[in-house]
Amino acid sequence: MIKVITYGTFDLFHEGHYRLLQRAKALGDYLIVGVTTEKYDMERGKLNVVDSLVTRIENVRKTGFADEIIIEDATGQKVSDVQKHHIDIFTVGSDWTGMFDYMKDYCKVVYLERTKNISSTMLREQNKRIQKIGIIGTGRIANRFVPEVKLVSGISVQGVYNPNFESAKQFAEKWEIECYDDRDAFYQDIDAVYIAVPHQYHCEYIKSALEHGKHVLCEKPMVLRKKQAEDFFLYAKEHGLVLCEAIKTAYCPGFEKLLGIACSGMIGSIQYVDVCFTKLEDKTSRELTDCKYGGSFTELGSYCLLPVIKLFGKEYKDIRFDVIRGQNGLDIFTKASLVYEKGIATATCGLGVKSEGRLLVAGTQGYIVAEAPWWKTTYFEVHYEDPGQVDKYSERFLGEGLRYEIKDFLNTINGIDKSEFKLTRGESVVMAEIMEKFLEQENRGVEEP
Ligand code: CTP
């Protein structure tokens, strides 16, 4: 008996898939089809799969060509599958020609000609209208955003708006997008905006974007007053618009995994969270010279508050801030200490003091530690009383990591609302509340707009 194996995502099952399976089956007597899991697709950067694993398996099964269906969950699995199942022929479509030649050490490799003019990518794009996003701001983060959008299908960058038109023009030329100096014209051409301007302007742009009926993805800290956050979320909800705070860590797979393990009981009940993020900035930078909106906490505090709020919740009993100030009075280092019913937390951040960036979650049975850059979580360890026992976890974090938040933002717009739990509206409101308390303590309270 000749055994054949093939693999694929088989998303939005189409004729190309059908013809591939038909020919794969014809190569032998017994066909095994490996269907990729969501986790594996995420890991290899395929972030746009629409159908669930169950649907994709069901569609493969319905063709009647597969004698057995297995799941593909990890890189390197193919070699062990071929050995385990005593496979004679490994086959995939010709878009993979050459890429699986290494399998020739284990079995025969056949590349079947790909069916022309059809692919899951094409169908995804036909099914969904491409969401056009406009960028407000032309700084460092906006420059990171554009190439990341290109990696998420179903969304494209239409253009950029900046009141400084020269800067918008340069940005637009660099990324080959439109530039606008007229806000109405900008809003007319887009479905959603990404706001990447200094914090103090967020409010004004969120307001105008929502009023123009646009979905909003806004850099952190989204706003600096609790009431503003509540009002914007309410307005967005009432008008069927999506408003998301862009804290990339919240959406990255490694961080999600860390939270899952922390909450699983593996380290017992969580008692203490200690988190630190420092990034030395130039003394002349906006972050260290803007005496009203600059400083360490407004710049980095959102990252540090994220694990605290995710693990202990929104209801803290007490919060205090201890601050080291630079000559101009701005905080170059801040420690926020939070007391909860169930534990305590410290969140430290600095632009003018360097410290060890680390996320530590301590429980009654053990602790989790992720070193810097824990905010782009790729690796963490779980330690126990017995120092010899250490569990190690790693997860991929691709590129700048913005693609994860962009994908979740898009899914929410498209009604595939599976990601809201990653950073809820309530959590963003608490972040704004804490920012507000901090600025009040610093006598830099933010007025009503
Ligand atoms: N395939 C094919 N002809 C097509 C599309 C896919 O023969 N027109 C084959 C692929 O080469 C692969 C299998 O079907 O062996 C599963 O491919 P998959 O990646 O799931 O499908 P695509 O349509 O290529 O998906 P995407 O656009 O997401 O890459």
Side-chain angles (χ1 to χ4, degrees), residues 3-28 30-79 81-82 85 87-104 106-130 149-156 396 398 403-404 406-407 410-411 414 416:
K3 286 180 102 177
V4 182
I5 197 161
T6 189
Y7 294 87
T9 304
F10 303 104
D11 190 27
L12 302 173
F13 200 87
H14 55 70
E15 194 201 334
H17 295 143
Y18 185 89
R19 292 198 57 238
L20 181 110
L21 294 177
Q22 188 177 39
R23 286 171 295 154
K25 171 75 178 178
L27 290 173
Y30 190 87
L31 175 66
I32 301 180
V33 181
V35 182
T36 56
T37 62
E38 277 139 25
K39 173 180 150 276
Y40 178 52
D41 279 327
M42 279 284 277
E43 270 170 23
R44 60 195 188 122
K46 194 162 180 167
L47 303 179
N48 47 12
V49 178
V50 175
D51 287 337
S52 69
L53 176 60
V54 175
T55 307
R56 290 180 288 119
I57 290 178
E58 186 52 19
N59 287 336
V60 169
R61 195 192 58 75
K62 278 201 281 204
T63 63
F65 297 128
D67 296 288
E68 191 176 335
I69 298 175
I70 59 172
I71 59 167
E72 186 183 20
D73 196 34
T75 317
Q77 186 189 316
K78 292 186 178 79
V79 171
D81 283 347
V82 163
H85 296 280
I87 297 298
D88 301 289
I89 301 174
F90 171 95
T91 185
V92 279
S94 53
D95 45 323
W96 296 99
T97 300
M99 288 207 245
F100 291 105
D101 286 358
Y102 68 90
M103 299 289 290
K104 286 182 183 162
Y106 308 94
C107 61
K108 191 172 163 193
V109 175
V110 176
Y111 298 104
L112 292 168
E113 197 182 332
R114 195 180 155 89
T115 307
K116 299 211 166 39
N117 299 324
I118 180 90
S119 73
S120 305
T121 307
M122 245 170 75
L123 292 178
R124 278 181 214 114
E125 281 171 16
Q126 278 168 11
N127 283 359
K128 260 184 275 146
R129 199 170 68 74
I130 303 267
V149 171
K150 291 193 176 143
L151 297 162
V152 181
S153 77
I155 186 161
S156 74
R396 285 182 85 180
L398 298 167
R403 64 195 71 178
Y404 305 111
I406 298 167
K407 179 190 70 105
L410 180 67
N411 279 350
N414 287 332
I416 314 166

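All ligand and atom numbering here is 1-based and tracks the order in the structure. All heavy atoms count here, side chains included; hydrogens, waters and symmetry mates do not. Remember, it's a predicted structure, so these values are computed and weren't measured experimentally.
Put simply, the side chain of Arg114 never gets that close to the backbone of Gly93: no donor and acceptor are under 3.5 Å apart. In this structure a side-chain-to-backbone donor-acceptor pair under 3.5 Å is missing from Tyr18 to Phe13. Within the 3.5 Å criterion, the main-chain N or O of Gly16 finds a donor-acceptor partner in the side chain of His14.
The Val92 neighbourhood of ligand 1 comprises atoms 15 (O), with distances under 4.0 Å to a heavy atom of that residue. Listed by number with element, the atoms of ligand 1 under 4.0 angstrom from any heavy atom of Ile118 are 4 (C), 5 (C), 8 (N). Within ligand 1, counting atoms from 1 as listed, the ones closer than 4.0 Å to a heavy atom of Ser119 are 23 (O), 27 (O). Those atoms of ligand 1 with a heavy atom of Thr9 less than 4.0 angstrom away are 20 (O). Annotation for ligand 1: atoms under 4.0 Å from non-hydrogen atoms of Ser120 are 21 (O), 22 (P), 23 (O), 25 (O), 26 (P), 27 (O), 28 (O).
Arg61 pairs by the salt bridge (Lys or Arg N to Asp or Glu O under 4.0 Å) definition with Glu58, not counting sequence neighbours.
Nearest protein heavy-atom neighbour of atom 9 (C) of ligand 1: Leu20 CD1, 3.8 Å. From the protein, the heavy atom lying nearest to atom 29 (O) of ligand 1 is Lys46 NZ, 3.5 Å.
Between His17 and ligand 1, a contact under 3.5 Å exists for at least one N or O pair. Of the N or O atoms in Arg23, none lie within a sub-3.5 Å distance of an N or O in ligand 1.
A donor-acceptor contact closer than 3.5 angstrom is absent between the side chains of Asp88 and Tyr30. Side-chain atoms of Thr36 and Thr9 include a donor-acceptor pair closer than 3.5 Å. Looking at Arg56 and Ser120, their side chains never bring a donor and an acceptor atom within 3.5 Å of each other.
Considering only non-hydrogen atoms, atom 20 (O) of ligand 1 lies nearest to Phe10 out of Phe10, Tyr18, Tyr111. When the options Gly8, Gly93, Ala24 are ranked by their closest heavy atom to atom 15 (O) of ligand 1, first place goes to Gly93. Remark: among candidates Arg114, Glu15, His14, the nearest residue to atom 1 (N) of ligand 1 is Arg114, based on non-hydrogen atoms.
Contacts with ligand 1 closer than 4.0 Å are made by side-chain heavy atoms of Asp95 only, the backbone lying farther away. The proximity of Thr121 to ligand 1, defined as any non-hydrogen pair under 4.0 Å, involves the side chain as well as the backbone.
The minimum heavy-atom distance between Arg44 and Leu398, with the atom names listed, is C-CD1, 4.3 Å.
Taking the ring axis of Phe90 as reference, the NZ or CZ atom of Lys78 does not stay both within 45° of it and closer than 6.0 Å to the ring centre.
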